[in-house]
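Chain naming here is simple, since letters A, B, ... match the order of the sequence lines and numbering starts at 1 in each.
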Amino acid sequence: MTEEDVFRFWGKTSGNVVHPAVCHMLDTGIVACELLMVQPHGFISKLADEFGITTDALPQLAAFLAALHDIGKISPGFQAKRPDLSAPLKLEGYVFSRADEDRHTLSTLETLPDLLIDCLQCEDSLAIALSRALAAHHGVFTGQEAQKVGAGKWIKARRAALEFLSRLFWDKSLTGLGFPSTPALVILAGLVSVSDWLSSAEENFPYLTCPRPDLREYVADRTQKARELVSRLRFDVSSPAATEFHQLFDFTSPNPSQTVTLQTVNELHHPMLVVIESPMGSGKTEAAQAVYAHLSCEAGLRGMYYALPTQATGNAMLPRTARFLTRLGLETGTELHLLHTNADLNQDYERLRISSLNAEPGDVSASSWFTARKRGLLAAHGVGTLDQALLAALKVRHFFVRLFGLAGKLLVLDEVHAYDAYMVEEIYRLIGWLAHCHTSVVLLSATLPKARRKKLIQAFRPEVEVPDDIRYPCVTGVDISGAFAAHPIEGLKPDTIYVEPVIAESTDKPARILSLLLEKLADGGCAACIMNTVGEAQDLHELLRHHFPADEVLLFHSRFTLERKLRIEHDILSRYASDGKRPHRGIVIATQVIEQSLDVDFDLMITDLAPIDLLLQRAGRLHRHERARPQLLRPRNLWVLMPEFRSRLPDFGGSEYVYTPDILLKTALLFSAEEDLSHLEVSIPTGVSALIECVYGDDFPPEVPEHLLGPMRGWEAKRLGDETSQTFFAACSALIEAKACLRDPDYLGQISMDNDDDCAIVTRLTRPNVMLVVVENGRCLTVADKAEERKLFSSTVATDNTAIVKHFLAKEPPGEWADSPLLRHCRPLFVSGGKSVERPDLSYDDEFGLRFAR
DNA sequence: AAGAAAAAAAAA
Ligand SMILES: [Fe+3]
Ligand SMILES: [Fe+3]
């Protein structure tokens, strides 16, 4: 076969313009090569080691392999998809049949191993492993058998194509090649997919206009185009010009948390895992950013992803990260993206996207290429939900593209203490894979139970010894070679919280709260009442507004529309934030929304019983700053309402369904002294870990009274059972642990993607829920433009109330919203005079939010 | 009868 014939198989078409398969393969190889050329040396050298070749040779090898991804297109099944183009082949004796494989990725997997073995003396099992990575480029590592792929002339044609590409990229045999670890194969698959996406954009790589190009010219031209594209999308990350604290932040020298963090990092080598446990407000974010600056200089990083528990906290972190990156002074500027389902709606992100349209060198901005759903993590820098990162280690399509996106970077996970057993298991799996993808990980957390700290560290480096006597606040770290470091954080400002138990049953709770408020607010003051259930918060609000002027009480929970939530949050911040205009007297009634991330400061706090860590979290909003306070509210007292438990089985009411009763009871028992109740004096930060360990550890030291022993054991068993099943479920959703398949590439072919249906795999376990759009009755549902769509979306309220969910999920979403990405999953809630027109037991208004009659 | 929270079309 002459070289000319290699060009006669089509690969891509649009109308009459045909791009030969080998040209697309060439384009893809060239892009892969250019992508690798701009990666940090440490990353390249890690991959080169995996393949047992020199760093100089790696881009060439990767380019060659990437190019081969579509060799399966030179097959009867694929060529027959354009009968007009396959007809001449038929006349020349290329055989077509009805049983031809039409999925070209399967054809690649079927045909490539033999070619690699025969033409390049590749070792058998390596040939299969490599082919599998290339054949995954539609999102799935397949183990499926292909149908007919063509024999005789077809084999000769594929062989000619391979030899043609080999002459251009890799002119040697593959005999001496090392066998890469499974994570390295996954990275290869990611690189190949990304190169394929980039090279498939016709505006960047126009289809051939003549039947046979001048090869040298063609390659030079495509190389130029690929290089421009890679630099335009800023896949390269230049090293920071500024690394001094006063250059990066608004303060001149590191505080204790940051000093100890850098001390720990200095004892380890990239890739490493570092756990920073210290109180909120101790500058953990800046500590993580300082680690990024440090590792960028020392080791060279591909970028950073900062993962948070919610979309809202992600939104808030975006401008902070933009400021940090600007101060880092990256010469060519860089990409920064916001990653979550509703990122489009964020103003700051929109600004970054607009500024990329005419980016100046040195700018931090966001190119639109990365805004597609699966591409965000490929951008050098990102901020967003943890979920986006978790998808890199779940059995979902293109997980390996996400893993490639995170490879070689720094991943920061914030608020690690806040996740449940399901998500923690996903985190373990992700960390385990990233350790082998040359990624460093920083975990930011409040106090962790020691068992969890240990598991997080061992997820990165399995056999490492973790001492049991690590004392909060502290920084702990381990690197891939097994070096371990742990240091206490000393010199934080000590403080004390006085936690006061108040016995109250759910029936007399509102009255108790009212009398406490009347007594303590006699000279004025700012109070927060935190209830565990929305219903009780609503009821309390109803009572309090009869005893206080309307402008002094404010209700806040998550069952308001998005728009209203923002409004309430704004009102709360304007009054109770550190720089707020504090009223003489004011009361906020809230659920757990208030314990999330709001920087607010109350003089008085009354709360429902909650697990000890959450009580302390809530207390973080009590006397947060130093300021003058009313006489009666000078002591930092946290009033905790709890049911009677000394003489009988406590009735936790609705709280029982929010928190597990054994943890609630163990927390309550912290207050029991002999027959009586006593307050609890908590020293911050030193006294915290003993309390956490006491409630969450394996043996609960305080004596459990006789009458509670049985129920406690039952609740404990149930909780452990629930956690085990969550962990098991997460284990099924996630890839197996990296350490279990490091040398077993066959695992990749066995990953079952749940019938290719992503929906079945979730990042979080939730009760079924529904998004409702609050709509005035009679209003028409059509959306004329983007503005109207956003307006409706801002009226959404989510609920997981069983009866309501059942009612609304039984109906189809309105056809008018089917094309709207924002509203596609929503149902309208028609209201008239604050009441649902469909269900008399359901109401919505801006004062109470969504409310169910009980 | 139960908090808050995410994701969800489809990439070549
Ligand atoms: Fe393809
Ligand atoms: Fe392709």
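- Base-pairing analysis of DNA chain B finds no stem of at least three consecutive Watson-Crick or G-U pairs with both pairing distances under 3.5 Å.
- The NE2 atom of H398(A) sits 19 Å away from the P atom of dA7(B) (whole-angstrom rounding).
- In this structure, R790(A) forms no cation-pi arrangement with F793(A), as its terminal cationic atom is not both closer than 6.0 Å to the ring centre and no more than 45° off the ring axis.
- Summarising the geometry, the separation between NZ on K374(A) and P on dA7(B) is reported as 15 Å, rounded to the nearest angstrom.
- Atom-to-atom, CZ of F560(A) to P of dA4(B) comes out at 11 Å; the value is rounded to the nearest Å.
- The side chain of R559(A) contributes no N or O atom lying less than 4.0 Å from OP1 or OP2 of dA4(B).
- Side-chain N/O atoms of Y696(A) and D613(A) include a donor and acceptor closer than 3.5 Å.
- Among the heavy atoms of the strands, none lies under 4.0 Å from E656(A).
- Proximity of R373(A) to the phosphate of dA9(B): a side-chain N or O atom is located under 4.0 Å from OP1 or OP2.
- For D800(A), the salt bridge (Lys or Arg N to Asp or Glu O under 4.0 Å) criterion is met by R767(A), not counting sequence neighbours.
- Here, dA8(B) and dA12(B) have their P atoms 16 Å apart, quoted to the whole Å.
- Partners of R719(A) under the salt bridge (Lys or Arg N to Asp or Glu O under 4.0 Å) rule, at least two apart in sequence or in another chain, are D662(A), E723(A).
- The nearest whole Å value for the distance from the CG atom in D800(A) to the P atom in dA4(B) is 8 Å.
- When heavy atoms are screened at a 4.0 angstrom cut-off, N204(A) is found touching no nucleic acid atom at all.
- Among the atoms of the strands shown, base atoms are found under 4.0 Å from some heavy atom of T766(A).
- Partners of E335(A) under the salt bridge (Lys or Arg N to Asp or Glu O under 4.0 Å) rule, at least two apart in sequence or in another chain, are R234(A).
- The separation between E415(A) atom CD and dA6(B) atom P is 13 Å, rounded to whole Å.
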Practice item. List the steps and the verdict of salt bridge (Lys or Arg N to Asp or Glu O under 4.0 Å) for E101(A) and R103(A). Key: CA-CA 6 Å; E101(A) 178 60 61; R103(A) 291 162 295 180; 2.9 Å; yes
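- For K81(A), the side-chain hydrogen bond (donor to acceptor under 3.5 Å, both in side chains) test picks out no residue, with sequence neighbours left out.
- In this entry the distance linking CG of N769(A) with C1' of dA7(B) reads 10 Å, nearest Å.
- The CG-C1' distance, from D420(A) to dA2(B), rounds to 15 Å in whole Å.
- Contact annotation: Q311(A) reaches the phosphate of dA7(B) (side-chain N/O to OP1 or OP2, under 4.0 Å).
- Under the salt bridge (Lys or Arg N to Asp or Glu O under 4.0 Å) criterion, D196(A) pairs with no residue at all, not counting sequence neighbours.
- Taking atom CD of residue Q726(A) and atom P of nucleotide dA5(B), one finds them 18 Å apart after rounding to whole Å.
- Partners of T667(A) according to the side-chain hydrogen bond (donor to acceptor under 3.5 Å, both in side chains) rule, which considers only residues two or more places apart in sequence or in another chain, do not exist here.
- Listed in residue order, the members of residues 818-828 of chain A having a heavy atom less than 4.0 Å from DNA chain B are D819(A), P821(A), R824(A), H825(A).
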Could you list the donor-acceptor pairs under 3.5 angstrom formed by side chains in residues 807-815 of chain A, with sequence neighbours left out?
{"unit_1": "H807(A)", "atom_1": "ND1", "unit_2": "R839(A)", "atom_2": "NH1", "d": "3.4"}
{"unit_1": "H807(A)", "atom_1": "NE2", "unit_2": "E838(A)", "atom_2": "OE1", "d": "2.9"}
{"unit_1": "K811(A)", "atom_1": "NZ", "unit_2": "E838(A)", "atom_2": "OE1", "d": "2.7"}

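- Within the 4.0 angstrom heavy-atom criterion, no nucleotide atom of any strand lies near E595(A).
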